[in-house]
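Everything on this sheet refers to the single structure shown next.
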Amino acid sequence: ESYLRIDKILDAARRAGADAIHPGYGFLSENAEFAGACEQAGITLIGPSAKSMEMMGSKTRAREVAVAAGVPVVPGTNAPVSSVADAQRIALEVGYPVMLKAAAGGGGKGMRQVRSADEMAAALREAQSEAQNAFGDSKVYIEKYIERPRHIEVQVLGDRHGNLLHLGERECSIQRRHQKVVEESPSPFVDAAMRARMGEAAVRVARAAGYYNAGTVEFLIDQNAQQRNFYFLEMNTRLQVEHPVTEMVTGLDLVKLQIRVAAGENLSSIFHNGQPLNQDAIQMRGAAIECRVYAEDPDNSFFPCPGLIRELATPSGPGVRDDSGVYAGWSVPMEYDPLLSKLIVWGGTREEAIQRMSRALDEYYVGGIKTNLQLFRTILASPDFLSGNLDTSLIDRLREQAGARMEMTAESVAHLRAAAVAATMFHRRAAQSSTPTPNAQSQPGSRWKLAGRKQSLRPPRGVRNQ
């Protein structure tokens, strides 16, 4: 009744006198009906055409476009399954395990892994129901499940004059429930030759769809490190949540470029790095990492944790960017995705970016609700992440390795809560005093840094957000 209501959004645009709509990352951002409604209402959608969106928004039709463009795809169906028996027959031909995926899907919605025929009926029912609720379309299709793949995507950008280019890749393998939580650019796996091959394939797919504006072509990469095989997965006909890492390494403002393209500008008339914006002008510098900070409990199957944010301290400093709209005193609702912010860092090297992200995570504090901040600290400290040995099952492996260590006893929870309460009371009293606090005097680092990091909102060292 809010984010899927085309009529309400168009009415708001008319009353506001808007001549364009940026659809963000929401479900309508990939909805061809919405794009068509904008065209009919004379309002510019800051995105691709309704025709391109319809073509690539259907995952099954997108597979057909990729095949026609000569881009390898994951084995599976190019049409939705019609019944449990149909799904079981196809899965037997493709070979278990398989993935059921929403034809109109994205963001991990409407996806189920199936390892045997006995699991198919329940999995198909659940996938269809979730797809219907999220996208208003219950159709699902089948793909071969690739064990422990990398998930790497390529950002593309085109204008209405036929110019189309790619902006490098993003490593998106760190996922929970088929949804990305940590992204980085460039990928530690992709070399210059592979980047050129993937970029060319992404541009071919986009060109075959008559695509303009910003979009993302996603690929799965198998475990063959020698061959570096990649397979077309899908195309997201919108700006991605993780687009800031591309902005950080290319120096481009993707939202600004989206608006300029929507206004009819030619990319070749836009200058970047001292030359017209073409493929040669795109250079990746340094490394960037993004962590999606959620109000959820990693120890309870990542269950959402809505509630009141009582205290909030966000990191800052060189190379740190926090894209957020939440604040202390705001209640995280139950009705929407529990994403609180996107924490992005840039470094001259991947190692420096990891160090900066680790420092930023240590400065991040959210009081009153559970978040996944501690999970990010665990990921960034893991040998596999540090070495760049990534795949979509990394989080599951880390949770299995941690075992009982990730579960807190009632006594430890009580101690943590007591420490957090004491910390909050101490810093509130200190903030009301005009004299420096003993804690601030004793901590290492210059006073301007301590002041800039809002000590009054942070717990003392050793007490971290759980």
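The structure presented is a predicted model; accordingly, all values stated were derived computationally and were not measured.
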When you check the side-chain N and O atoms of S301 and R177, is any donor under 3.5 Å from an acceptor? no

State, without any angle test, whether H243 and Q155 hold a side-chain donor-acceptor pair at a distance under 3.5 Å. no

NZ/K8: more than 12 non-hydrogen atoms of other groups inside 6.0 Å: yes

Would you kindly say whether S173 and D391 are connected by a side-chain donor-acceptor distance under 3.5 Å? no

Looking only at the side chains, is there a donor atom on one of N266 and N163 sitting less than 3.5 Å from an acceptor on the other? yes

Once you measure the plane-to-plane angle for F27 and Y3, does it fall in the parallel (<30°), tilted (30-60°) or perpendicular (>60°) bin? tilted

Taking the six-membered ring of F219 as reference, does the cationic atom of R228 (NZ for Lys, CZ for Arg) lie under 6.0 Å from its centre and within 45° of its axis? no

Charged N to carboxylate O under 4.0 angstrom, R5 versus E1? yes

Might you confirm whether atom CD of Q240 has over 12 heavy atoms from other residues, nucleotides or ligands at distances under 6.0 Å? yes

Steps toward side chain to side chain donor-acceptor pair (under 3.5 Å) verdict (N213, Q258): CA-CA 6 Å; N213 214 277; Q258 279 192 292; 3.0 Å; yes

Strictly by modelled atom types, are Y211 and S49 linked by a side-chain donor-acceptor pair under 3.5 Å? no

Inter-residue atom distance S82.OG - K139.NZ, 0.5 Å rounding: 12.5 Å

Hydrogens and angles aside, do T314 and Y365 bring a side-chain donor and acceptor to less than 3.5 Å of each other? no

Quick one: do the S138 and Q128 side chains pair a donor with an acceptor below 3.5 Å? no

Within 6.0 Å of NZ in K109, more than 12 heavy atoms from elsewhere: no

Report yes or no: is the cationic atom of R204 (NZ for Lys, CZ for Arg) under 6.0 Å from the centre of the six-membered ring of F232, at an angle within 45° of the ring normal? no

First locate atom SG of C291, then atom CG of L380, and finally report the distance between them rounded to the nearest 0.5 Å. 5.5 Å

Straight-line distance of L100 CG to E143 CD, nearest 0.5 Å: 10.5 Å

Using only heavy-atom distances, determine whether the side chains of R148 and T392 contain a donor-acceptor pair under 3.5 Å. no

